[in-house]
Number of protein chains: 4
Amino acid sequence: MAKRTGEKYEAIIDAATRVIAEYGYHNAQVSKIAREAKVADGTIYLYFENKDDVLISLFSEKMGAFISRAEEELAQVDSAVDQLYKLICLHFEHLEKDHQLAIVTQIELRQSNPEVRKGIGEILKRYLDVIDGIVEKGMREGVFRQDLDVRITRRMIFGTLDETVTSWIMKDHKYRLMDQVDELHRLFVNGMGSQRNDANA
Amino acid sequence: MAKRTGEKYEAIIDAATRVIAEYGYHNAQVSKIAREAKVADGTIYLYFENKDDVLISLFSEKMGAFISRAEEELAQVDSAVDQLYKLICLHFEHLEKDHQLAIVTQIELRQSNPEVRKGIGEILKRYLDVIDGIVEKGMREGVFRQDLDVRITRRMIFGTLDETVTSWIMKDHKYRLMDQVDELHRLFVNGMGSQRNDANA
Amino acid sequence: MAKRTGEKYEAIIDAATRVIAEYGYHNAQVSKIAREAKVADGTIYLYFENKDDVLISLFSEKMGAFISRAEEELAQVDSAVDQLYKLICLHFEHLEKDHQLAIVTQIELRQSNPEVRKGIGEILKRYLDVIDGIVEKGMREGVFRQDLDVRITRRMIFGTLDETVTSWIMKDHKYRLMDQVDELHRLFVNGMGSQRNDANA
Amino acid sequence: MAKRTGEKYEAIIDAATRVIAEYGYHNAQVSKIAREAKVADGTIYLYFENKDDVLISLFSEKMGAFISRAEEELAQVDSAVDQLYKLICLHFEHLEKDHQLAIVTQIELRQSNPEVRKGIGEILKRYLDVIDGIVEKGMREGVFRQDLDVRITRRMIFGTLDETVTSWIMKDHKYRLMDQVDELHRLFVNGMGSQRNDANA
DNA sequence: CATGAATGAGGCTTCATTCAT
DNA sequence: AATGAATGAAGCCTCATTCAT
């Protein structure tokens, strides 16, 4: 039934992003999104199943495009260590370039109902796979420990990046995310590093 | 006006925890919480300002008690490295021991309105201070790099633990969190370690 | 936001009048008014800001129309004495013709909250101006004393008419208001009279 | 059951007067009155049937005392014309001396529910009888028209005094009520006068 | 006599979704 | 395809009154 494509499809998603960023998730009514997109309330239901679908599609479109781009760019990088560096850069650049999107995906959409959160989770899986790929490549290259648990490591990387961005937004973007890339990369690479260090020993 | 103490105060907070864990944040009506606590709806308002206050208090009581306990236990540990280990243990133990609380604090309360989220954020600050204390101690001890950025590092630690717990809940607590303590500790300590490794060099 | 016009706008106001007259102010719930108006509860909020707005609008529409009509009719009367007679007639006719409206405006709406009472007061100001006009005209004509205090006199006229109507309603409309016009007119005119004049004679 | 007498009985009535005058009828909760009277909530129910009873008793005590005093003082005045003058004086003095009481009886208690209004109405009947007595006496004396309708005339007098006081309160007691006694008396006496009499002259 | 903690019924309003035009 | 007026379910909170102490 829902068209899921076309000029108005995109207009609605962009309007939703702007409205949520400006008014917050709890004040982003369908009618407000419709007004912002310059369509009638009912028109939204010609392009989306329901409001949840708008939100999931918003995340899917924005994040999906980012993941695809990330996959492409990472493919052009040789070593896992450099890929990780590139990943952090891409992650931060992506959100630093679009403050509205950052607010919506990091803060507002997380208040959504279980249905939307589930949709978001599924989209994020692809991103986690990208991270897994880098970790596994590093293990194969021998620059990361052989006994790394990929899932644990992936959660460290994703959890850290996610918390870093959220924190940056909560502080009103007062500093530059990109300035933290080097330090985070070092923390990750040292943490996963194959060399001597076994501080716990 | 609100009493904020007493037998029923605790009964209401515990009832709220159970109801939210079972039905989800969006289906945790005041009347349902009251029924679960075996008090009248109105009684809740003798102990709390409003529904938001119940939720914030729930987080505050549970998390506050945990943070206090953590502070005490960490004070009895000598080295920063061991303190960090202890912190991960406490964090995981705390939530693994009480699946309901884990669901409520990690998943459900994050869907709450801005007011509640603000209250939660303020309580979490104390926890972040605890993490900062460990990082700074490690730097003083010389086991962590002198050029660590405490805030960046704190976000790595908290973000990683948070993501790890959330992930564990989403996977229906199918494995044991405590089994991941060693590996995470190693990732952190190596990441922050003062020794050799400068993978980026 | 609220439309404040249209077929349903009037249907809701009329329904509110009937419901309040029948059940009393304190038992006139929005849902009851909606049912009486044959619209959904939510529809009321397409035409009015809130319940208070319905009540103020009800008074404003009914009283506003009456005042406008009164202004017109009085303009066609030459002398102040006859205008006063006409005013009493109009005042009584208006309320005697519509018992429900009389009950609502004289009895029920006076129990309303401060917000509504304030709205009512502002609308009544226009009516008091009409009375002032008559008194001033009579003074210019020389049929009323030159040393009349317009405000004091206005309060006598309005207070008397108001009390008379309220009393009539409390006695269940058992007699005819119109039968009291002559006597009241005589009391007013003699009271204000510049000398002996017995205008009614 | 209710005692209706004693030190606390009066304390509660006085507290109710103060609370209603300060916070308004709609914010005068039983618990607030109890606190103001320095008794427990439940104690109020040892002296009064219910909240309505408190309000009716408040009106009854204050107004009843006034009416008794008025009856006494008027008995010492010879002519109806002078009695009417005295009545206006007493009415205004009574309320001008106690602004709180004026606000409570003229404004706030009129917002009360039908039960209370009914109680108030019954108490006022005694006052209306006093007015009737003056009018009838004046007719017997021949200074008021023989064809006066006592009820119509009574409503003019009461309605006018009532509206005058209400208006004075709404204008924040900015002027002196007592300054209007002469003019109102003249309006009444001329209005009722059997001929031209200018009683005030 | 006095207390005050506990009760629980009741209503205004929002907003995602539909469907006649 | 597009509109937007209409729908109606659902929940937080207040406060008069009670009754065990």
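Here the structure is a predicted model, which means the values were calculated and not measured. Each chain gets a letter, A, B and so on, in the order its sequence line appears, and its residues count up from 1.
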Rounded to whole angstrom units, what separation is found between the [atom1] atom of [X] and the [atom2] atom of [N]?
X: Tyr47(C); N: dT7(F); atom1: OH; atom2: C1'; answer: 12 Å
X: Ile44(A); N: dA2(F); atom1: CD1; atom2: P; answer: 12 Å
X: Lys8(C); N: dA5(F); atom1: NZ; atom2: P; answer: 11 Å
X: Asp53(B); N: dC12(F); atom1: CG; atom2: C1'; answer: 14 Å
X: Asn27(C); N: dC12(E); atom1: CG; atom2: C1'; answer: 15 Å
X: Glu7(D); N: dC1(E); atom1: CD; atom2: C1'; answer: 14 Å
X: Phe48(A); N: dA2(F); atom1: CZ; atom2: C1'; answer: 15 Å
X: Lys3(D); N: dA2(E); atom1: NZ; atom2: P; answer: 7 Å

Below 4.0 angstrom from OP1 or OP2 of dA6(E), is there any side-chain N or O of Thr43(B)?
no

Can you check whether [X] reaches [Y] side chain to side chain, under 4.5 Å on heavy atoms?
X: Phe48(D); Y: Ile13(D); answer: yes
X: Glu108(D); Y: Ile103(D); answer: yes
X: Tyr25(C); Y: Leu55(C); answer: yes
X: Ile107(B); Y: Arg117(A); answer: yes

Among dT7(E), dT7(F), dC1(E), the one nearest any side-chain atom of Leu46(D) is dC1(E)

May I ask you to decide if Thr105(C)'s main-chain N or O and Arg110(C)'s side chain share a donor-acceptor pair within less than 3.5 Å?
yes

Counting primed atoms, P, OP1 and OP2 as sugar-phosphate and everything else as base, the B/S/- map of nucleotides 16-21 of chain F against protein heavy atoms under 4.0 Å is SBB---

Taking atom types as modelled, find out whether Glu36(C) and Tyr23(C) have a side-chain donor-acceptor pair closer than 3.5 angstrom.
no

So does Asp14(D) pair up with Lys62(D), basic N to acidic O under 4.0 Å?
yes

Step through the shown structure and confirm whether more than 12 heavy atoms of other residues, nucleotides or ligands are within 6.0 Å of CE on Met170(B).
no

Show me the dot-bracket string of DNA chain E, counting Watson-Crick or G-U pairs under 3.5 Å, with | for pairs to another strand and [ ] for crossing ones.
.||||||||||||||||||||

How long is the straight-line distance from CD1 of Ile120(A) back to CG of Leu124(A), given to the nearest 0.5 Å?
7.5 Å

